[in-house]
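Comments concern the structure below.
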Amino acid sequence: AQHGISASENSFGLLRWDLSPKPSFYALRNVLRAVDGDSAPVANPGGMRLAVEGAPPDLRQLLLRSADGSYALVLWRDVSVWDWTAVRDLAPAPDRVEVTMGEPVTLARRFDPVSSDTETRRWTDPQRIPLDLTGTPIVLRLLPAIAGSGPGRRGLHTGGRRRGCASTLVAAGPSQLMDTVDSVRQD
């Protein structure tokens, strides 16, 4: 910590007082790389058809479309990953979901931006992708079989946890993702 500045003042931002990056700086950089800088949020009813089955009530999701026709699906749970009282990391129990493709996808790539700046897994022609979600975001880069097709596509849906019914996604905005990324430990 910088001399003369309180601990609470030192916990703001992406850089320390000496301009060295905090872990949240790297997490945000990795998220931006994984989703593609040319991406834009997809508004219903545009987008691609897929479902998130077993979605817990605290699931947050954002679907972005790139200029090349690929998509980035960002998934995370709205759970705390930091104990402010004990000043330590928390490890929320993972919650298993399955992303089910509602249309052909030729390639799916997984990124875990809080822990890595590179792809951590890939699937060719997936129909279902199992994921264990915690409080940190997971990015799935999806390449539809017909990348670039537009207006006829349907929106993203999320399946109910126990009932298996589908409901229209109300996507969390980028500011909510920033809050999640910023909650990564600031030391």
Side-chain angles (χ1 to χ4, degrees), residues 27-79 94-161 164-181 184:
L28 179 59
R29 178 198 66 188
N30 296 343
V31 165
L32 293 174
R33 285 180 179 171
V35 300
D36 178 20
D38 293 329
S39 295
V42 176
N44 273 337
M48 86 180 292
R49 290 182 351 196
L50 51 92
V52 179
E53 297 177 3
D58 58 6
L59 176 71
R60 301 296 177 259
Q61 44 199 324
L62 178 64
L63 182 65
L64 301 167
R65 182 168 187 211
S66 294
D68 66 1
S70 67
Y71 289 85
L73 176 62
V74 187
L75 299 166
W76 72 99
R77 290 182 43 225
D78 189 14
V79 294
D95 214 335
R96 173 61 59 116
V97 300
E98 280 200 342
V99 177
T100 304
M101 305 304 141
E103 61 188 77
V105 170
T106 59
L107 181 65
R109 299 167 46 209
R110 176 185 171 146
F111 295 86
D112 295 283
V114 171
S115 59
S116 175
D117 63 350
T118 60
E119 173 184 309
T120 57
R121 184 146 183 218
R122 82 172 34 207
W123 298 265
T124 304
D125 301 318
Q127 293 181 353
R128 302 176 81 75
I129 300 174
L131 299 171
D132 290 321
L133 296 177
T134 61
T136 59
I138 292 175
V139 178
L140 291 178
R141 292 286 305 170
L142 305 169
L143 181 62
I146 307 172
S149 64
R153 304 184 84 114
R154 295 200 181 101
L156 175 66
H157 291 76
T158 180
R161 177 175 258 298
C165 62
S167 59
T168 303
L169 165 72
V170 178
S175 63
Q176 288 175 319
L177 177 60
M178 284 293 300
D179 291 344
T180 299
V181 169
V184 172

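Computed over heavy atoms, backbone and side chain alike; hydrogens, waters and symmetry mates excluded.
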Problem set entry | L133 and L59, any side-chain heavy atoms less than 4.5 Å apart | yes

Exercise. Of the non-hydrogen atoms in R77 and P56, which two are nearest, and what is the gap between them?
Worked result: CD-CG, 4.0 Å

Exercise. Are any non-hydrogen side-chain atoms of D95 and V79 less than 4.5 angstrom apart?
Worked result: no

Seminar exercise, completed: From the list V139, L62, L63, side chain to side chain contact (heavy atoms under 4.5 Å, CB included) partner of L73 resolves to L63

Exercise. Can you find a heavy atom in the side chain of L140 that is under 4.5 Å from one in the side chain of L131?
Worked result: yes

Problem set entry | Residue pair S70 / P144: nearest heavy atoms and the distance that separates them | CA-CD, 4.0 Å

Exercise. OH of Y71 to CG of L143: how many Å apart, nearest 0.5 Å?
Worked result: 11.0 Å

Problem set entry | Between OG1 on residue T106 and CG on residue D125, distance to nearest 0.5 Å | 6.5 Å

For this session: Determine whether I138 and D112 make a side-chain contact, defined as any pair of heavy atoms from C-beta on separated by less than 4.5 Å.
Result: yes

Exercise. Shortest non-hydrogen contact from V114 to P137?
Worked result: CG2-CD, 3.8 Å

Seminar exercise, completed: Rounding to 0.5 Å, atoms CZ (R109) and CH2 (W123) come to a distance of 11.5 Å

Exercise. Taking the side chain as C-beta and beyond, is there a heavy-atom pair between M48 and V105 under 4.5 Å?
Worked result: yes

Exercise. Any idea which heavy atoms bring P130 and E98 closest together, and the distance?
Worked result: CA-CG, 4.0 Å

Exercise. Ignoring hydrogens and geometry, is there a side-chain-to-backbone donor-acceptor pair from N30 to S116 under 3.5 Å?
Worked result: yes

For this session: Count the heavy atoms of every other residue, nucleotide or ligand shown that sit under 6.0 Å from CD of Q127, and state whether that count exceeds 12.
Result: no

Seminar exercise, completed: Between A108 and L142 the two heavy atoms that sit nearest each other are CB-CD2, 3.7 Å

For this session: Would you name the heavy atoms of M101 and P126 that are closest together and state the gap between them?
Result: CG-O, 3.4 Å

